[in-house]
Amino acid sequence: MTLRHATLVTLLAAAFVATPALAHTCPANGTPLDYPVTKTSGQTDNYHGTTVADPYRWLEDANSADTKQWVTAQNKLTQAYLAEIPQRAAIRARLTKLWNYERFSVPGKEGGQYFYTRNDGLQNQSVLFTQKSLGDTPRVLLDPNTLAADGTVALAGIEVSPDGKLLAYSTAASGSDWNEIRVRDIATGKDLEDHIKFVKFSSTAWTKDGKGFFYSRYDEPKEATKLADVNYFQKLYFHRIGTPQSLDTLVYDRPDQKEWGFGGQTTDDGRYLVITTTKGTAPKYRVSYKDLSKPDAKVVDLIDNFDAGYTFIDNIGSVFYFSTDRNAPKKRIVAIDVTKPAPSNWKEIVGENADTLVGADIINNQLVLEYLKDARSVVRVHALDGKPVREIALPGIGSVGGLAGKRGDTETFYSFTGYTTPTTIYRLDMKTGKSTVFRQPKVDFTPADYETRQQFYTSRDGTKVPMFIVSKKGLKLDGSNPTYLYGYGGFNVALTPSFSPANLAWMEMGGVYVVANLRGGGEYGEAWHQAGTKLQKQNVFDDFIGAAEWLIANKVTSPEKLAIGGGSNGGLLVGAAMTQRPELFGAAIPAVGVMDMLRFHKFTIGWAWTSDYGSSENPEEFKALVKYSPLHNLKKGSCYPATMVTTADHDDRVVPAHSFKYAAAAQAAQGGAAPILIRIDTKAGHGAGKPTTKLIEEVADRWGFLARELRVGDGEKAVGGNH
């Protein structure tokens with residue numbers, strides 16, 4: 001069973017005319033902050049005949065004394081500013097109370113045992129439990145909180161051997177993407193000597209006999225620069241239990257293709273290793289397989305081009321089931337007999353329909369399919385011949401997770417969550433189609449006091465775009481509501497409803513929380529994704545700006561009360577929106593953002609994002625990138641909204657240099673008195689595995705900053721209502 005299947009694909013994966021970044025006149029009142037002096041250089045680069053200045057290039061060296069001194073000075077300024085916010089302590093206290101609730105992951109079953117994680121509320125990391133039956137007393141199998149006193153070592157993934165005897169688990173330290181794999185004896189709870197290093201963007205796939213597993217790794221990195229150096233030439237290996245990593249067998253690599261990544265998956269019957277080959281983050285794959293029943297079997301290419309997306313579901317003998325968007329942008333289910341692999345022999349099992357297929361498995365000899373209908377989950381069950389069986393009744397507008405299992409299982413589990421529905425775990429009886437609550441958290445709030453509504457609005461080019469608006473009931477449409485507009489818009493990622501104690505605290509303060517489902521995401525299939533990529537990336541920013549304009553025009557909020565936020569590709573979104581339309585926003589919080597669109601491909605896994613962004617090395621794509629790149633569109637003297645850039649010292653997904661350079665340039669460009677701050681976390685990365693204490697601190701600083709800049713409430717009365 002798998003709690004997280006990490007592959008390269010799940011990461012961050014005629015030229016248009018962008019909205020010009022015009023100078024916005026600043027009010028005369030207010031005193032600008034005294035920012036630390038940031039030196040500049042005369043560094044320039046020539047892109048296809050265009051000279052582009054890069055005066056803060058020196059900040060790309062995170063290990064230099066000058067950069068470390070700059071980080072210290074910036075953090076000192078930011079922390080002093082945040083310390084003056086009267087609501088901050090009350091916000092942190094309320095967040096701590098809201099966060100303190102029991103929460104569970106979706107159980108998986110392997111070797112006759114159940115496995116799941118549980119957090120008692122304020123534990124920095126969730127603890128892995130196992131139990132023989134649902135009525136048994138759970139037993140702690142692995143507590144990541146014992147791996148580091150400050151909670152900065154996280155469980156990144158687990159895989160249990162088919163016989164239920166061994167656990168392969170990967171850990172990540174300080175938020176880095178670099179993982180290490182160890183093996184634990186499930187009966188004794190003790191680790192074996194097996195220790196695998198240099199792992200990144202990897203699944204773990206056991207052989208049927210439990211004697212070893214397949215995994216993906218890179219060559220050993222240079223320790224001093226491993227958080228920034230580019231990652232190429234991933235390889236797929238087999239590790240035999242009880243042997244050192246140096247003896248691991250190379251199963252598949254392509255030394256002629258430095259950008260190809262490999263994910264291995266073994267079939268439940270143990271016969272095949274299925275290899276999915278990725279190229280960057282584009283959802284277009286090659287698929288190969290190896291017959292594990294034959295000792296010297298070669299790897300056979302089943303689908304040997306990157307023409308579409310193919311996700312392996314299960315096999316019945318030589319027949320492989322896939323979900324694919326080949327000739328179906330919203331995906332369909334096909335069966336391929338590997339003895340007759342020509343596309344003309346493929347059999348369509350479930351055809352494409354109006355909703356977007358996002359998940360599939362075979363359980364109880366039935367296809368369990370999860371769809372998105374206007375960014376909300378729908379679950380349907382089909383027979384293996386494709387005939388509809390039933391739709392699973394869900395509790396409301398929300399998102400489903402889980403629904404995994406084996407072909408012979410008669411039960412499965414899933415999570416259901418919404419913006420005001422804490423994540424609840426359900427057991428689904430596959431024979432009857434009935435769901436029963438397995439674990440339901442108790443959070444210190446009253447869901448009936450809040451409402452979620454979906455609003456469609458029109459973007460700049462006439463496209464209809466949905467957004468969710470969540471708030472306390474009885475929202476007054478007088479333009480006075482502090483509003484936080486969140487978006488992502490990229491890499492085929494769908495933003496669906498989910499519960500967050502952080503967002504609940506914002507709404508308790510009187511805030512409105514809004515999520516816009518922008519093009520570039522996966523809400524409406526591959527066509528929706530492609531409409532927000534490369535030369536069409538401006539559509540994403542137009543969609544986000546369109547959401548802001550609708551909220552203002554319909555008096556949900558006003559520019560001085562509207563904040564925007566997003567992380568990673570969403571940080572780019574915020575940076576582009578605030579440089580293109582600074583007058584629309586009162587505050588901006590770009591988190592771990594891709595801010596330098598001309599050099600992102602030169603660090604770690606950044607090259608993989610060219611499938612969505614394009615590359616500055618391509619003349620036409622350069623013209624598009626330089627028009628919206630947040631770093632390159634800051635205009636000196638413009639009046640930018642109050643901004644708090646956030647990043648972390650161990651972020652090796654989007655290296656912190658992006659945020660460093662952007663913050664320095666924004667401070668130099670700011671023509672008004674609104675602050676431009678940068679918050680640089682330590683012993684933290686891109687976000688995954690961040691301990692609870694750090695999460696609460698970060699959110700308290702975010703809402704505290706917005707409380708001050710958007711003038712939210714007056715002290716403690718603004719926080720937590722009457723709790």
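One is the number of the first residue; the rest follow in order along the sequence.
Applying the 6.0 Å contact sphere to CZ of Arg390 captures more than 12 heavy atoms from other residues, nucleotides or ligands. More than 12 heavy-atom neighbours from other residues, nucleotides or ligands sit within 6.0 angstrom of CG on Asp256.
When atom types are taken as modelled, the side chain of Thr130 and the backbone of Phe115 share no donor-acceptor pair closer than 3.5 angstrom. For Thr243 (side chain) and Arg240 (main-chain N/O), a donor-acceptor pair under 3.5 Å exists by modelled atom type. Side-chain atoms of Asn145 come within 3.5 Å of backbone atoms of Gln125 as a donor-acceptor pair (strictly under, hydrogens ignored). Using modelled atom types, no side-chain atom of Trp346 and backbone atom of Asp337 make a donor-acceptor pair closer than 3.5 Å.
A salt bridge is defined here as a Lys NZ or Arg NE, NH1 or NH2 lying under 4.0 Å from an Asp or Glu carboxylate O, and Asp219 with Lys235 meets this definition. A salt bridge links Arg184 with Asp191; the closest basic N to acidic carboxylate O contact falls under 4.0 Å. Salt bridge status for Asp291 with Arg271: present, with a side-chain N to carboxylate O gap under 4.0 Å. Under the 4.0 Å criterion applied to side-chain N and carboxylate O atoms, Asp301 and Arg286 are assigned as salt-bridge partners. Between Asp177 and Arg653 there is a salt bridge, with a side-chain nitrogen of the basic residue lying less than 4.0 Å from a carboxylate oxygen of the acidic one. For the pair Asp229 and Lys222, the salt-bridge criterion is not met [side-chain N within less than 4.0 Å of a carboxylate O]. Taking 4.0 Å as the cut-off between side-chain N and carboxylate O, Glu102 and Arg439 do not count as a salt-bridged pair.
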Can you check ring-ring contact (aromatic ring centres under 6.0 Å, His included) on Phe262 and Tyr252, steps first, answer last?
CA-CA 8 Å; Phe262 310 105; Tyr252 194 62; 5.1 Å; yes

Under the criterion side-chain contact (heavy atoms from CB on, under 4.5 Å), I'd like the reasoning laid out for Leu428 against Phe413: C-alpha separation, chi angles, the key distance, then a yes or no.
CA-CA 6 Å; Leu428 174 61; Phe413 296 83; over 6 Å; no

Hey, mind stepping through Tyr215 and Asp248 against side-chain hydrogen bond (donor to acceptor under 3.5 Å, both in side chains) and telling me if it holds?
CA-CA 10 Å; Tyr215 70 97; Asp248 288 356; 2.6 Å; yes

I would like to know whether Asp185 and Leu167 meet side-chain contact (heavy atoms from CB on, under 4.5 Å); could you show each step before the answer?
CA-CA 7 Å; Asp185 184 299; Leu167 167 74; over 6 Å; no

Test side-chain contact (heavy atoms from CB on, under 4.5 Å) on Val334 and Tyr310; report intermediate values, then the result.
CA-CA 10 Å; Val334 299; Tyr310 301 91; 5.8 Å; no

So Ile349 and Tyr321, side-chain contact (heavy atoms from CB on, under 4.5 Å) or not? Walk me through it.
CA-CA 9 Å; Ile349 304 299; Tyr321 288 79; 4.1 Å; yes

Using the side-chain hydrogen bond (donor to acceptor under 3.5 Å, both in side chains) rule, take Asp269 and Asn315 through it: C-alpha gap first, then chi angles, then the decisive distance, then the call.
CA-CA 8 Å; Asp269 62 9; Asn315 73 302; 2.8 Å; yes

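Each of Phe104, Tyr114, Tyr116 was scored for a side-chain contact (heavy atoms from CB on, under 4.5 Å) with Phe129, with one residue passing: Tyr116. Among Phe306, Trp607, Tyr232, Tyr285, the single residue meeting the ring-ring contact (aromatic ring centres under 6.0 Å, His included) criterion with Trp260 is Phe306. A salt bridge (Lys or Arg N to Asp or Glu O under 4.0 Å) with Asp355 holds for exactly one of Arg380, Arg332, Arg376, Lys330; it is Arg380.
For Ser377 and Glu370, the side-chain atoms include at least one donor-acceptor pair closer than 3.5 Å. For His195 and Glu180, the side-chain atoms include at least one donor-acceptor pair closer than 3.5 Å. Judged purely by distance below 3.5 Å, without hydrogens or angles, the side chains of Asn124 and Thr692 never pair a donor atom with an acceptor atom. Residues Thr117 and Ser105 bring a donor and an acceptor atom of their side chains to less than 3.5 Å of each other. Of the N and O atoms on the side chains of Thr146 and Asp143, not one donor lies less than 3.5 Å from an acceptor on the other residue. Judged by distance alone, the side chains of Thr267 and Tyr289 never bring a donor and an acceptor atom under 3.5 Å apart.
Counting heavy atoms from C-beta on, the side chains of Thr311 and Phe322 never come closer than 4.5 Å.
Contact record, Ala383 with Leu367: O-CD1, 3.9 Å, taken as the closest heavy-atom pair.
Separation of the Phe320 and Tyr272 ring centroids falls under the 6.0 Å cut-off. Aromatic rings of Phe438 and Tyr426 (six-membered ring for Trp) have centroids beyond the 6.0 Å cut-off, not under it.
A cation-pi geometry, defined here as NZ or CZ lying under 6.0 Å from the six-membered ring centre and within 45° of its normal, holds between Arg103 and Tyr101.
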